[in-house]
Amino acid sequence: MVKYLPLLFALVLLGCDVPETPADHEKALTNRVIATVNGVPLMSETLELYIANWGEEYEKHNPPVTYELLKKMRAQKLEQMINEELVKQRIKESPVAISDEEIKAHISKMIDDLGGSDQFINFLQERGYVTLEELEADVKADLEALKVFTRDMHLTPPTEEQLKETYELLKDHMILPERLWLSHIQVSLDKRLLPDGSKEVYADEYLNYIKDQIDHKYITFAKAAREYSECRSSQHDGMVGELRKGDTNSVPKIIHDTAFSLAISNTSGVVVSPLGAHLLYVTRKAPAYTNSFEESRTALTEFLIKQVLDQNRDNWLLFLRNRADIHYVEIP
């Protein structure tokens, strides 16, 4: 996260008789105040970095960015920056307490929703988190914003009657498909030395050697995953997490089909997917069933709360903007 010097300190520096280098001049031209929110400056550097990254990703799968689209995205991002600053200021103005237990519970739910620790690690890397502490800080800020929002808009939890009505409406969607908990050992398709160093072989022979060691109980699957798997899940004994029958978005179809045909605690043969070569191992299975009302209570509560939040979010931001002094220095 980029942090800026306080405005007063910046003014003192500007008043000093310090020779200006070309780099200083370029930075002064490129990093400008583009808006203020109750006197707090928003800098162009944040906007330009976002637009540069967005444009790069956009053009990987689309035609070149047009001027009109660029202008639209810059304007949207500036409004988002203003809203984020308003929320930060509102939290400071009307503080709430967030416990460590609330943060940990939220992150645990994230891991479950993402499908396990491996997907969670992917999530962190894709979004640029270097440490778990950075994510915890963002989660705390989100929970603070949610509490202040709920208080400002006088929102109340759904009633028992509302929960029951929603359950009846959504009963057909309360069916949980068959599930299993999957671990794997993954290697690339390139040649490598056998674990005993005897000869160089391709992935199928390499994994068959490891499978033989597992089947003869010379090594456990978890230990083999820690020692030989090239996937980040090796740090967690090869555990990928929960997989639901029919879900071929989170894993390739060949892995999905093989996993659901596999008996618990048996190691599969070599499976080749777009990700590499694998040995699969199922630690647990659960049959399909329909959640009862009590089992669905938490999910129903979250569903109804999300509906209320979505309906009131714009009103809250409008409330914050109407009481704020927002000054546009530049129009993107």
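- No side-chain heavy atom of Pro157 sits less than 4.5 Å from a side-chain heavy atom of Ile305.
- Salt bridge status for Lys164 with Glu161: absent, with no side-chain N to carboxylate O gap under 4.0 Å.
- In this structure, Phe120 has no ring pair (Phe, Tyr, Trp, His ring centres under 6.0 Å) partners at least two apart in sequence or on a different chain.
- Residue pairs meeting the salt bridge (Lys or Arg N to Asp or Glu O under 4.0 Å) criterion with at least one partner in residues 312-323, sequence neighbours excluded, are Glu79-Arg321, Glu93-Arg323, Asp310-Arg313.
- With contacts defined as side-chain heavy-atom distances shorter than 4.5 Å, the pair Glu178/Pro287 does not qualify.
- Salt-bridge check for Glu57 with Lys60: passed, with a basic side-chain N closer than 4.0 Å to an acidic carboxylate O.
- Among residues two or more places apart in sequence or in another chain, the side-chain hydrogen bond (donor to acceptor under 3.5 Å, both in side chains) test is passed with Ser183 by none.
- In terms of heavy atoms, Ala203 sits closest to Ala277 at CB-CB, 3.8 Å.
- Applying the side-chain hydrogen bond (donor to acceptor under 3.5 Å, both in side chains) test to Glu85 and every residue at least two apart in sequence or in another chain returns Gln89.
- Contacts of Glu227 classified as side-chain hydrogen bond (donor to acceptor under 3.5 Å, both in side chains), with partners at least two apart in sequence or in another chain: none.
- Taking the charged nitrogens against the carboxylate oxygens, Arg244 and Glu242 do have a contact shorter than 4.0 Å, which makes a salt bridge.
- Between Arg226 and Lys223 the shortest side-chain heavy-atom distance falls below 4.5 Å.
- A salt bridge between Lys147 and Glu102 is present, with a side-chain N of the basic residue lying under 4.0 Å from a carboxylate O of the acidic one.
- For Lys77, there are no side-chain hydrogen bond (donor to acceptor under 3.5 Å, both in side chains) partners at least two apart in sequence or on another chain.
- Using a 4.0 Å cut-off between a side-chain N of Lys or Arg and a carboxylate O of Asp or Glu, Glu48 and Arg74 qualify as a salt bridge.
- Counting only residues at least two apart or on different chains, no salt bridge (Lys or Arg N to Asp or Glu O under 4.0 Å) pair has a member in residues 266-275.
- Applying the salt bridge (Lys or Arg N to Asp or Glu O under 4.0 Å) test to pairs two or more places apart or on separate chains, those with a residue in residues 257-275 are Lys253-Asp257.
- Side-chain atoms of Tyr167 and Asn291 form no donor-acceptor pair, as typed in the model, at a separation below 3.5 Å.
- Sorted by first and then second residue, the side-chain hydrogen bond (donor to acceptor under 3.5 Å, both in side chains) pairs with a member in residues 261-271 form an empty list; sequence neighbours excluded.
- A 4.5 Å side-chain heavy-atom check between Asp142 and Leu146 finds every atom pair outside the cut-off.
- The salt bridge (Lys or Arg N to Asp or Glu O under 4.0 Å) analysis of residues 194-204, with sequence neighbours excluded, yields the pairs Lys199-Glu205.
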Under the side chain to side chain donor-acceptor pair (under 3.5 Å) criterion, do Glu84 and Gln80 qualify, and how do the steps go? CA-CA 6 Å; Glu84 288 171 355; Gln80 180 187 333; 2.8 Å; yes

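- Residue Ile214 belongs to a hydrophobic cluster whose other members are Ile185, Val187, Leu189, Leu194, Val201, Tyr206, Leu207, Tyr209, Ile210, Ile219, Phe221, Tyr228, Val270, Val272, Leu279, Tyr281, with links defined by side-chain heavy atoms closer than 4.5 Å.
- For Tyr218, the OH atom counts as loosely surrounded, since its 6.0 Å shell holds 12 or fewer non-hydrogen atoms of other residues, nucleotides or ligands.
- Applying the ring-ring contact (aromatic ring centres under 6.0 Å, His included) test to pairs two or more places apart or on separate chains, those with a residue in residues 180-199 are His184-His278.
- Surrounding OH of Tyr202 are at most 12 heavy atoms belonging to other residues, nucleotides or ligands under 6.0 Å away.
- In this structure, Arg297 pairs ionically with Glu160, as a charged nitrogen and a carboxylate oxygen lie closer than 4.0 Å.
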